[in-house]
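Nothing here was measured: the structure is a model prediction, and the numbers come from that model. Every number for a ligand or one of its atoms is a count from 1 in the order of the listing.
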Amino acid sequence: MGIEKFSIIESTLREGEQFVNAFFSTEEKIRIARLLDEFGVEYLELTSPCASPQSRKDCEAIAGMGLRAKTLTHIRCNLEDARIAVDTGVDGVDVVIGTSSYLREFSHGKSIDAIIELAQGVFEFLQTQNVEMRFSTEDSLRSNPEDLYRVYEAVDKLGIHRVGIADTVGVGNPRQIYDLVSTLRSRVHADIEFHGHNDTGCAIANAFAALEAGATHIDTSVLGIGERNGITPLGGLVARLYAYDPQLVSKYRLPLLMELDQTIAELVEVDIPFNNYVTGFSAFTHKAGIHAKAVLNNPETYEILKPEDFGLTRYIHIAHRLTGWNAVRSRADQLNLKLSDDQVKLITEQIKYLSDESVLSLDVVDSLLRNAANYRQFRNTRRKLQVESVGA
Ligand code: HCA
Ligand code: CU
């Protein structure tokens, strides 16, 4: 199935708050909410108002900001939580309960029938409250599929808006997610949301597979922060979708990704990973001479993401032994230095020789280029003077 329409449920302010280093103040949450809203995500998911008195106030504050994004809060499957959630003024309520044997045995201890009954009670109440309603099963991947479908079909009959699949422990792979979502697609009318943890590095691929199988909503957080090593990162999902079809993500202000990643990295005191999608420091850096030459001729040769669409620029790294003369020529042009091809080739040889000896900086390369250009100018001037004096 082709991916046409989808929404992002941005959960930095819920799942992200479960990241070990996240202690967002109210002001910080408001700043994050505003940035995400400017970026254009469709939903913001907020920590349960039942978590603490401050969480409740923060939920009310963000729900009252008048953002374009819809606000959701995330609660356990019980009436008391649902009442408090609605009172905060959010647009929607995300209800979750565990269906795996682990959670049924070691967490809430309820049978599948008891889960269905509980969910029915909660949604009968929510239906009267004019809010978007979502029901999701924690640890869906390690639940008995027939149990899962039975629960989803029961809540679907109540007319809820979305059902969610949660890979709580990051155990799923793209093929499993695809199969689970496509079967669910054939069994319920509601929209389908996917929430995937990244314990084995599949969170982006799993989210993409979910969309291919008919999911309509994907949960993300900035930099992927969340429990343990987190969930599908916003930037990574956007990069994946852009690679599939840039039009799919043209509804978002892509140049804000850098500010989002930097803001969250700063707030939770981590670095943006060097190899991060789009915003990692080497994401648009080309090194080998063969790559550099082709990229200079046509960047698409080695770039699936256009840095300029994300408000960024590419960098061609030339101060190393793998460099090539086309890249060195391009650096000379950037510095507005007039050099012959022979000179550039000679300097390229020098760079290779010197970087075999020790690590070279761009400054050293630049001074080789500048010296050569100065020498060339000196030689040309001397030649001109000689011609003039002969003519005199
Ligand atoms: C958690 C809950 C959750 C919920 C996902 C959802 C998960 O374990 O903290 O509401 O769909 O990963 O199961 O984040
Ligand atoms: Cu989670």
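Counting only N and O atoms by type, the side chains of His286 and Glu303 include a donor and acceptor under 3.5 Å apart. When only modelled atom types and interatomic distance are considered, Tyr375 and Gln343 share no side-chain donor-acceptor pair under 3.5 Å.
With a 4.0 Å cut-off on non-hydrogen atoms, Glu45 does not touch ligand 1 at all. When non-hydrogen atoms are compared, ligand 1 lies under 4.0 Å from the side chain of Arg134 (C-beta onward) but not from its backbone.
Between Asp219 and ligand 1, no pair of N/O atoms sits closer than 3.5 Å. Backbone and side-chain nitrogen or oxygen atoms of Glu227 are examined, and none is located within less than 3.5 angstrom of a nitrogen or oxygen of ligand 1.
Among all protein heavy atoms, the one lying closest to atom 7 (C) of ligand 1 is Thr168 OG1, 3.4 Å. Of the protein's non-hydrogen atoms, the one nearest atom 8 (O) of ligand 1 is Glu138 OE2, 3.1 Å. Ranking protein heavy atoms by distance to atom 14 (O) of ligand 1, first place goes to Glu15 OE1, 2.9 Å. Considering only non-hydrogen protein atoms, atom 2 (C) of ligand 1 sits nearest to Arg14 NH1, 4.0 Å. Ranking protein heavy atoms by distance to atom 9 (O) of ligand 1, first place goes to Gln18 NE2, 3.0 Å.
A donor-acceptor pair under 3.5 Å links the side-chain atoms of Asp245 to the main chain of Gln247, judged by distance alone.
The environment of CD in Gln176 is crowded: more than 12 heavy-atom neighbours from other residues, nucleotides or ligands sit within 6.0 Å. Summarising the local packing, OH of Tyr302 is surrounded by more than 12 heavy atoms from other residues, nucleotides or ligands at distances under 6.0 Å.
Here is the list of ligand 1 atoms found below 4.0 Å of a heavy atom in His74: 4 (C), 6 (C), 10 (O). For ligand 1, the atoms lying closer than 4.0 Å to a non-hydrogen atom of His197 are 12 (O).
Residue contact check for ligand 1: Glu193 places no non-hydrogen atom closer than 4.0 Å to it.
Side-chain contact between His74 and Val96 is present, with heavy atoms from C-beta onward closer than 4.5 Å.
Nearest to atom 11 (O) of ligand 1 by heavy atom, out of Gly196, Ser136, Gly98, Gly170, is Ser136.
Tyr252 and Phe39 have parallel rings, their planes meeting at less than 30° on a 0 to 90° scale where 60° marks the start of perpendicular. Between Phe310 and Tyr242, the ring-plane angle classifies as tilted under the 30° and 60° cut-offs.
Checked for salt-bridge contact, Arg14 and Asp94 miss the test: no charged N lies under 4.0 Å from a carboxylate O.
For Glu15 atom OE1 and His195 atom NE2, the angle they make at the Cu ion (ligand 2) is roughly 90°, to 10 degrees.
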